[in-house]
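In what follows, every heavy atom counts, from backbone to side chain, and hydrogens, waters and symmetry copies are set aside.
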Amino acid sequence: PADDRPVSGWLVLRDGADGEVALTPAPLPAAARGFVDASAPAADATYRLVALHAYGHRSAAATATAAATESFDGSALFLSSGQPNPACGGATMAFGLPRAGAATLRVFDLAGRLVRTLVAGDRPAGPGAAAWDGRDEGGRDAPAGVYFCRLESAAGSVTRKLVLVR
């Protein structure tokens, strides 16, 4: 940030046709190191990261333009390959459901063993995101390697590869 005071949180904004749009309902915590725009437009987008300081002061931290990549268009089940990928300690998967209903998002190792369940239960139609902290169901760090993230719903299933490095 342009201000050397400690950061207490972050705002993520995206330029839109009607001006800047806040992408988080509340500021992200100061320790946050990633964010996935689950409602990213199909076109290139410009984002602004704003650092929040004590006593309400704000300072510009970064501005970036992201090229359009894979995105959810609402017509079919969607799962991103995870960001970042390769991941060092964790990643966030953006996903989309074409209709409401039961859905699961699970992480499996190369042998097909369940490592972690990230989403399980009824979900609304539309975009969403789930974070994996690189840990298994027992809270232990998963070893470095290749993992498969699998999204399943009544609309079908889709699997993406994610590489975890330590």
Exercise. Looking at CE of Met93 and OG of Ser81, how far apart are the two atoms once the value is rounded to the nearest 0.5 Å?
Worked result: 10.0 Å
For this session: Examine distances only and state if a side-chain atom of Trp10 and a backbone atom of Ala30 form a donor-acceptor pair shorter than 3.5 Å.
Result: yes
Exercise. Tracing side-chain links under 4.5 Å among I, L, V, M, F, W and Y, which residues wind up in one group with Leu13?
Worked result: Leu11, Val50, Leu52
Problem set entry | Residues that, via side-chain heavy atoms closer than 4.5 angstrom, fall in one hydrophobic cluster with Phe148 | Leu110, Val146, Val163, Val165
Exercise. Would you say Val119 and Leu151 make side-chain contact, with heavy atoms under 4.5 Å?
Worked result: no
Problem set entry | Separation of Phe95 CZ from Cys149 SG (nearest 0.5 Å) | 12.0 Å
For this session: Measure across Leu164 and Ala142 and return the closest heavy-atom pair with its distance rounded to 0.1 Å.
Result: CD2-O, 3.7 Å
Exercise. Do the side chains of Phe108 and Thr159 get nearer than 4.5 Å, heavy atoms only?
Worked result: no
Problem set entry | salt bridge (Lys or Arg N to Asp or Glu O under 4.0 Å) involving Arg150 - partner list, sequence neighbours excluded | Glu152
Seminar exercise, completed: Sorted by chain and number, sequence neighbours left out, salt bridge (Lys or Arg N to Asp or Glu O under 4.0 Å) with Asp109 holds for Arg113
Problem set entry | Smallest separation among heavy atoms of Thr92 and Ala129, with atom names | CG2-CB, 4.1 Å
Seminar exercise, completed: For Arg140, the side-chain contact (heavy atoms from CB on, under 4.5 Å) test, sequence neighbours excluded, returns Asp136
Exercise. Where do Leu162 and Gly82 come nearest, in terms of heavy atoms and distance?
Worked result: CD1-CA, 4.5 Å
Problem set entry | Where Leu79 and Leu105 come nearest, the two heavy atoms and their spacing | CD1-CD1, 3.9 Å
Exercise. Should Glu20 and Arg48 count as side-chain neighbours, where that means a heavy-atom distance under 4.5 Å?
Worked result: yes
Exercise. Looking at side-chain heavy atoms only, is the closest gap between Val7 and His53 below 4.5 Å?
Worked result: yes
Exercise. Looking only at heavy atoms, what is the nearest atom pair of Ala130 and Leu118, with distance?
Worked result: CB-CB, 4.1 Å
Problem set entry | Pairs flagged by side chain to side chain donor-acceptor pair (under 3.5 Å) wherever residues 115-130 is involved - sequence neighbours left out | Arg116-Asp133, Thr117-Glu137
Exercise. What heavy-atom pair brings Ser153 and Ala103 nearest, and what distance separates the two atoms?
Worked result: CB-CB, 4.2 Å
